[in-house]
Amino acid sequence: MGLTNTPSDLLPGTLELLLLKTLVSGAKHGYGIVEHLRLTSDDVLRVGESALYPALQRLLFNGWVKGEWGTSENNRRARYYTLTAAGRKQLAAERAEFDRMIGAIQRVLGTT
Amino acid sequence: MKTLFHRLLHLLRWSRHGADLREEIETHRSLRQEALERDGLGADEAAHASRRAIGNVPLAIEDAREVWTLRALDHTRQDVRDAVRGLRKSPGFALVTIVTLALGIGANTALFSIFNSLIMRPLPVRDPGSLALLTDGSWSYPVWQEIGARADDLFDSAFTWADQSFDITQGGRPIPVDGAYVSGRFFDVLGVPASRGRMLTPADDTAAPPNGPVAVVSHRFWREHFGGADDVVGRQLTVLIQRQRFPFTVVGVMPPGFSGVAVGRTADVVLPFAAEPLLEGRDSALPETGQSWLEIMVRLKPGQTVEHANAQLRTVQSQIREAVLPGLRGNPAFAARYLTDPLTLVPAAAGASRLRRQYGTPLFAMVVAVGLVLLVACANIASLLLARALARRGELTVRLALGASRWRLARLLFLESLLVAMTGAGVGLLFAKWGSALLVRQLGNWERTVSLDLALDWRVLVFTATLACLCAITAGVAPMFALKSVTPGEALKSAGRAIAGDRRFAVRGALVVAQIAVSFVLVIAAGLFLRTFASLNQLPLGFVPEPLVLVDVNLFASGIPPAERGARLERLRNAAEVSGVRSVALSQRRLLTGGGWFTNNLVAVGDGPMLPEDRRQRVWRNATTPGWFDTMGIPLRAGRDFDDRDRVSSPPVAIVNEAFVRRYLSDGQPIGQTLRVNSDEGPRYEIVGVAADAVYTTPRDGMLPTMWVPLAQREPREWNSWRNVILTIKAAAGQRALIERNLATALTQADPTLVFRVGTFDEMLAATMAQERLVAMMSGFFGALALLLAGLGLYGIVVQAVNARRTEIGLRLALGAQPTGIVRLVFRRLGVLIVAGLALGLAGSWWAARFVAPLLYQIEARDPMTFSGTAAVLVGVGLLAAWVPARRAARLDPATVLREG
């Protein structure tokens, strides 16, 4: 069970992008986000708590997501995160930036 | 901005934030555990695995929280906590430093507040920088009329005012109120708007004002007298003169903070000059060319300098002076000088103040002195912090070894001193508030209330804050020096083995030398001022003040018609004879007011010529009833006292004092000679007696030529302009307090409408020396404080030196050194510091001496006695400070010390 991803494993800013994207489909708590990322990436992306929570705090701090307390599946208090309007805008911007970056990388790799 | 707000909001809910995160992560973990259990793991194993997977929770929380804070901010919080903890561990150190700083900062703020509000603070008016005051002294109304008529040509504008006390009625009783007469454009030129109603206008300052007699009142007076009523405009204010009531309509309230241009005196009721003839009737001073009672200020044109304005003024000076000359024709010598004496304007952004003239120099001296005290305090604190840092070397080194950055440690030390400085400044501010109020009370006396606006303004605040920060930095820098020389390797070695010689002592040594030098200067100053006060106190007064009680009767407010005054005053004199009274006498003037009634002009003896007036050698005058000399305890050297034979109808007589005889009658027998005063037309006074010398104005002025005439011979016409008469009452031994208690009742019974004040002569005597007493008191306090601080500093360094050299001293003792030798060893080192400090202090005092010279009396500013005495005191303090630790060192048990080492 290698749960070692830290932000440095990803391109800078990618974790935030993934988190924002994950929340598009609806409110999720931390564990839900992690599970969603794991399942949709076929077990490739495993985000550890030490990276997740500081990243979520950054999103909260910037006002891109909203946190609301609710009850988890096992009846514990959990914070559910939802995307804000500013978050959607940010997602679009980051996505564009990500595409530009990936395109650039592919072009570099494509040359011989 | 929003970001900062977010952060601050979060800091406020700090602990809540951490708990939330912890809970959130725990939920996360439990969900993972359940998932693992679903995958088939046992409960325990799942819990363990999920906990392991989650990693370092506190670190994750830390990281998550850090999003919200700046790292530095968080570290600072931690440093502050550490610093507080560090200080709480050594309460003695914290207490001494905080108290030292509080005294230093407090005394500075107190004095600076007074200095600021009395001397520096600009008037709260429009463009105070363009105001200028016509010097020197006061002016007559005709002079103002001449200048006022030309003001618009010469300057931008001009105005005049005269301080005046009014008696107004409140609930039927007359109460005295400080006020002023002002010219019509006073408020307009100053640019002071009304906070209610309107201010006075030129139309109000005419013989027939359109709205009748009007007045404006100060904001404070409005609150206190009218209870802050909204409908104050249009209300009546009744001024009482000679038992007549004059109603004035209040037309406006001055803005808060403005109470006239005379600093230290509040004008609560302001009337236009046109009201003066109304109130005074035939006694109006407005037409008098000889009565100088106005202050004149001008506002300069934009771009006009004071020099330029002076030049302008002097081109018309002769016209101004000529116009008011007719009243002075009888006196050609005086008139000639009057014409040529140049009119001079001086900048007056901070207003005008008699108080400032009296206290300006001493206050400045005290501000300097108190600044020096703060320097000593700072040196002491630096020294203390340095010693503390040295003592904490072990702890700091361990911190360094554990990976604290040097910068972080330096910051911790700096914060510690900043914390001390801030606390000290806070306590000091409280001390300042109390102290400055106390000082201002000292400036006032029984006939003058001093009101200074002591609200701490930004200048005082900046001043205090700068002082506190400077203290913190001075003190904070010193420990950093000490820290520099600590290397982690040295850390865990024992520090006790150091043998003599340590660079860090050099820093403290220099501080101690500076402390001694500054203390020396301060103690010298204290010595000089105390001796000045003592010599003034010991001056012969020429009369006996102890048994005397004075009653100052306000004839105007009492409403005694001039024709009845003789009889009414006689009745008062009888009424004052309560039990315990030896004798009662009346006089026109009271001694020791600092001023009085003098012949402005000339004196001639016999048929001789009029001697020209000498401003520095005025002839002072007084009028008394028979028995006054006996009551005052002034012996008659020759001739007789006044008696019942001296009446209006009998030939005018006079008594002169010995100083008068020395000056004007040095040849021949004074009794029987005749005098003319002021002009050749006046009466010829026959000298019937010679009184011993007595102080008339202030003890500092010494014995001045004085001439007395019988009160009974004062012409009724002259009674009109007399406002006050003084009842002097001599008490039998031990009866004074009793008389004071009964007197007021007895006088009110005899004359229910009487307005008067009762006081003892001692109180007045104290008031005449208020300035010297204040200076002596404060410099004594500061000198003692500096001495104490320097003593503490010395003690500290000796203790530290002895401790650092314990091993060496133990070794010496073990090798056979005598205890006296050890004491000598300690003293030798100290001696160098003391001698260096004294030499520096001596040089400083020698140089500074010329600045204090004007404040001294009968003592040289470089008085050898004071200098050598001070040196002896400082050496004494130094020896005392060194003696205790030196003795302790000499008594060390070598065996113990060597075993420790």
Side-chain angles (χ1 to χ4, degrees), chain A residues 1-9 13 15-16 19 22-23 27-39 43 45-82 84 86 90, chain B residues 1-14 16-41 43 45-71 73-74:
Chain A
M1 297 280 279
L3 284 167
T4 51
N5 325 25
T6 57
S8 60
D9 290 349
L15 180 59
E16 276 90 345
L19 295 181
T22 306
L23 293 176
K28 288 179 188 61
H29 51 61
Y31 183 74
I33 294 172
V34 171
E35 281 301 291
H36 183 266
L37 279 174
R38 189 174 66 81
L39 291 172
D43 271 3
L45 293 174
R46 294 175 170 223
V47 181
E49 289 88 323
S50 56
L52 174 71
Y53 285 96
L56 281 172
Q57 290 292 323
R58 271 195 295 280
L59 298 184
L60 272 177
F61 176 72
N62 288 316
W64 295 330
V65 302
K66 232 168 38 203
E68 266 158 13
W69 289 95
T71 318
S72 69
E73 300 85 316
N74 61 350
N75 274 332
R76 281 171 180 267
R77 244 176 115 239
R79 182 152 36 188
Y80 284 84
Y81 296 88
T82 33
T84 63
Q90 180 66 19
Chain B
M1 198 57 227
K2 200 179 131 207
T3 328
L4 190 69
F5 178 71
H6 257 169
R7 287 196 164 125
L8 285 178
L9 207 67
H10 243 84
L11 275 181
L12 289 177
R13 301 183 306 165
W14 190 245
R16 172 80 218 195
H17 190 211
D20 280 351
L21 276 165
R22 207 166 288 120
E23 186 171 1
E24 199 174 1
I25 292 174
E26 176 56 23
T27 305
H28 191 127
R29 190 202 60 74
S30 69
L31 284 165
R32 186 197 303 286
Q33 181 184 341
E34 283 171 19
L36 288 171
E37 282 174 24
R38 279 197 301 276
D39 288 352
L41 262 72
E45 205 182 333
H48 193 67
S50 68
R51 213 164 280 134
R52 207 174 44 217
I54 216 158
N56 191 342
V57 175
L59 190 67
I61 290 178
E62 241 352 76
D63 283 350
R65 288 167 98 174
E66 209 157 79
V67 172
W68 296 89
T69 55
L70 300 166
R71 189 185 288 264
L73 209 60
D74 195 21

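Values in this document were obtained by computation on a predicted structure and should not be read as measured data. Protein chains get the first letters and strands the later ones, always in sequence-line order, with residue 1 at the start of each.
- Evaluation of the salt bridge (Lys or Arg N to Asp or Glu O under 4.0 Å) rule for E68(A) yields no partner, not counting sequence neighbours.
- Closest heavy-atom contact between L31(B) and E73(A): CD2-OE1, 3.9 Å.
- Contact count versus chain A (heavy atoms, under 4.5 Å) is highest, among A49(B), A35(B), S30(B), for S30(B).
- Taken to the nearest 0.5 Å, the CD atom of Q57(A) stands 4.5 Å off from the CG atom of L21(B).
- Under the rule for a ring pair (Phe, Tyr, Trp, His ring centres under 6.0 Å), the partners of H28(B) that lie at least two apart in sequence or sit in another chain are Y31(A), Y53(A).
- Distance check: D20(B) CG to R79(A) CZ gives 5.5 Å after rounding to the nearest 0.5 Å.
- With a 4.5 Å cut-off on non-hydrogen atoms, E34(B) touches chain A through its side chain but not through its backbone.
- Of the residues R32(B), R22(B), R29(B), the one that meets the salt bridge (Lys or Arg N to Asp or Glu O under 4.0 Å) test with E49(A) is R32(B).
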